[in-house]
Amino acid sequence: MNEFSLKNKIFERAFALGFSACGITPVKEVDADCRLHFDKWLQKGKEARMQYMRNYKDKRFDPRLLVENARSVLVVALNYYPKVLRNPAEPYISYYAYGEDYHGVVKDKLRQLWKAITEHHPSNNEARVFTDSAPLLERYWAWKAGLGWIGKNTNLIIPGKGSFFFLGEIVTTLVVDTYDSPKKNHCGSCIRCLNACPTGALEGPKRLNARKCISYLTIEHRGEIPVEQAVLLGNRVYGCDTCQAVCPWNRFAMPTAVAAFHPTPSLLSLKKDDFKALSREDYNRIFAHSAVKRAKYEGLLRTIQYLKD
């Protein structure tokens with residue numbers, strides 16, 4: 001089997017596993033412009049209290065330090081756009097947290113994909129699978145692998161499909177004959193995401209200040225939310241999605257076929273009074289397998305207190 005047919009087999013299996021996009025790019029050190037942009041972002045403290053963003057910078061800039069002798073990065077996208085939406089009048093939960101925690105779901109599919117690759121192409125190739133679980137610049141590699149482009153809202157936008165996708169990667173020593181090329185940016189002059197950001201966290205195209213970002217403040221941030229952002233939360237209790245909701249490319253968003261990402265009745269039915277009376281037992285039961293656990297019970301209660309009566 002030649003390498004080109006192997007690539008076709010990889011894509012065929014990826015789509016059979018439910019991935020919506022797939023691409024492969026050779027491993028190289030991250031482009032100088034990207035490294036400079038990332039360094040400036042950190043120098044200005046725009047990562048807020050996500051100190052882990054400062055760790056393992058050498059590996060962030062070169063995946064060959066994650067997998068010895070790596071030659072390729074295979075990138076996939078898995079759709080999470082909900083089949084059913086919560087009542088918009090009730091407290092808001094980001095779409096990505098409607099179903100099961102994506103880390104396990106995406107990694108399981110990546111492992112199945114790698115198993116299929118090794119069955120079709122027996123060799124001594126090494127690989128590691130990742131999904132938001134290592135110092136890897138995921139959106140950068142998705143762009144390099146031709147899945148889409150990084151929009152002004154800093155999300156990866158897949159042409160004709162939008163941005164409601166989880167990304168996953170296989171960093172491997174495997175070599176294929178043909179690689180994919182980066183896609184051109186098609187945001188054009190549109191600045192809807194910048195204008196719509198409730199707190200002005202998008203301070204310019206691809207310039208996200210996490211210290212103002214509602215997603216950061218309601219999920220990653222520990223401690224009280226600064227008053228200047230707290231008054232702008234509206235009915236959001238976990239995440240935001242505004243910069244995606246207004247993006248014209250998301251008019252192409254289609255409901256996910258991944259059963260694990262379908263919301264449970266208990267999550268869909270949660271009302272404001274339920275949130276305000278939320279016990280630890282309720283939290284553990286309703287969000288047992290959800291990414292909402294990232295905020296922890298105390299963090300969720302902290303945000304719930306800002307809900308208006």
Side-chain angles (χ1 to χ4, degrees), residues 7-8 10-28 30-31 33-35 37-38 41 60 63 72-82 94-96 102 105-106 109-110 113 129-132 134 136-171 176 178-194 196-197 202 204-208 215 239-258 261:
K7 182 181 175 184
N8 287 343
I10 291 172
F11 279 46
E12 181 181 289
R13 184 57 183 157
F15 294 133
L17 285 166
F19 292 115
S20 298
C22 183
I24 308 177
T25 185
V27 171
K28 297 178 182 178
V30 168
D31 295 346
D33 286 348
C34 179
R35 298 198 306 269
H37 180 83
F38 187 78
W41 185 68
R60 287 188 194 280
S72 306
V73 182
L74 190 160
V75 188
V76 293
L78 191 62
N79 179 18
Y80 66 81
Y81 190 75
S94 184
Y95 293 167
Y96 90 90
Y102 64 95
V105 177
V106 177
K109 288 182 178 292
L110 284 171
L113 178 56
V129 302
F130 304 102
T131 179
D132 192 25
L136 192 69
L137 296 175
E138 293 190 304
R139 288 163 294 175
Y140 170 85
W141 289 109
W143 167 65
K144 294 292 280 187
L147 271 68
W149 68 90
I150 301 174
K152 293 176 183 177
N153 60 5
T154 76
N155 289 293
L156 183 86
I157 299 173
I158 301 176
K161 295 180 179 178
S163 63
F164 291 104
F165 293 89
F166 297 123
L167 299 177
E169 302 80 35
I170 300 178
V171 179
V176 295
T178 58
Y179 286 100
D180 298 291
S181 301
K183 283 194 168 48
K184 181 182 177 181
N185 189 304
H186 290 284
C187 285
S189 60
C190 178
I191 54 172
R192 292 186 193 182
C193 57
L194 277 64
C197 181
L202 286 169
K206 301 182 187 179
R207 289 172 49 209
L208 175 67
S215 283
C240 180
D241 290 337
T242 298
C243 65
Q244 297 193 83
V246 301
C247 177
W249 286 98
N250 277 320
R251 70 186 184 276
F252 298 111
M254 298 292 291
T256 181
V258 181
F261 297 152

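No more than 12 heavy atoms of other residues, nucleotides or ligands lie within 6.0 Å of CZ in R192, so this atom counts as exposed by the packing criterion.
Contact detail for N155 and C243: the closest heavy-atom pair is ND2-SG, 3.8 Å. The shortest heavy-atom contact between F19 and K109 is CZ-CB, 3.4 Å. Annotation for G148 and L156: closest pair C-CD1, 4.0 Å, computed over non-hydrogen atoms. Nearest approach of G168 to V106, heavy atoms of both residues: CA-CG1, 4.1 Å. For the residue pair C187 and G151, the shortest heavy atom distance occurs at SG-CA, 3.6 Å. Closest heavy-atom contact between L147 and C22: CD1-C, 3.7 Å.
Not counting sequence neighbours, the partners of D180 by the salt bridge (Lys or Arg N to Asp or Glu O under 4.0 Å) test are K7. Not counting sequence neighbours, the partners of R207 by the side chain to side chain contact (heavy atoms under 4.5 Å, CB included) test are E203. H37 pairs by the ring pair (Phe, Tyr, Trp, His ring centres under 6.0 Å) definition with nothing, not counting sequence neighbours. Checked against side chain to side chain contact (heavy atoms under 4.5 Å, CB included), C247 has the following partners two or more places apart in sequence or in another chain: I157, W249, N250. D132 pairs by the salt bridge (Lys or Arg N to Asp or Glu O under 4.0 Å) definition with nothing, not counting sequence neighbours. For the ring pair (Phe, Tyr, Trp, His ring centres under 6.0 Å) test, residues two or more places apart in sequence or in another chain that qualify with Y80 are F164, F166. Listed by chain and number, the residues in a ring pair (Phe, Tyr, Trp, His ring centres under 6.0 Å) with W143 are Y140 (sequence neighbours excluded). Remark: F165 pairs with no residue by the ring pair (Phe, Tyr, Trp, His ring centres under 6.0 Å) rule, at least two apart or across chains. Applying the side-chain hydrogen bond (donor to acceptor under 3.5 Å, both in side chains) test to Y96 and every residue at least two apart in sequence or in another chain returns Y238. Partners of S215 under the side-chain hydrogen bond (donor to acceptor under 3.5 Å, both in side chains) rule, at least two apart in sequence or in another chain, do not exist in this structure. Remark: T154 pairs with R139 by the side-chain hydrogen bond (donor to acceptor under 3.5 Å, both in side chains) rule, at least two apart or across chains.
Here side-chain hydrogen bond (donor to acceptor under 3.5 Å, both in side chains) pairs that include residues 17-26, with residues two or more places apart or in two chains, number zero.
Listed for the T131 side chain is a donor-acceptor partner under 3.5 Å among the backbone atoms of L167. When atom types are taken as modelled, the side chain of R60 and the backbone of L137 share no donor-acceptor pair closer than 3.5 angstrom. With hydrogens and angles ignored, the 3.5 Å screen pairs a side-chain donor or acceptor of D241 with a backbone N or O of Y95. Checked by atom type and distance alone, the side chain of W41 pairs as donor or acceptor with a backbone atom of L208 at under 3.5 Å. In this structure a side-chain-to-backbone donor-acceptor pair under 3.5 Å is present from T256 to N79.
Rounded to the nearest 0.5 Å, atoms SG (C34) and CD1 (I150) are 7.0 Å apart.
Looking at H186 and P159, their side chains never come closer than 4.5 Å, going by heavy atoms from C-beta outward. Contact of the V176 side chain with the L74 side chain is not registered, since no non-hydrogen atoms from C-beta on lie closer than 4.5 Å.
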Worked check of side chain to side chain contact (heavy atoms under 4.5 Å, CB included) between V75 and V73:
CA-CA 6 Å; V75 188; V73 182; 3.8 Å; yes
Evaluation steps, side chain to side chain contact (heavy atoms under 4.5 Å, CB included), between L78 and Y102
CA-CA 9 Å; L78 191 62; Y102 64 95; over 6 Å; no
Report the C-alpha distance between N185 and K206 in whole Å, list the side-chain angles of each, state the deciding distance to 0.1 Å, and finish with yes or no for side chain to side chain contact (heavy atoms under 4.5 Å, CB included).
CA-CA 12 Å; N185 189 304; K206 301 182 187 179; 4.1 Å; yes
CA sep, side-chain torsions, deciding dist, call: K152, I191, side chain to side chain contact (heavy atoms under 4.5 Å, CB included)
CA-CA 7 Å; K152 293 176 183 177; I191 54 172; 4.0 Å; yes
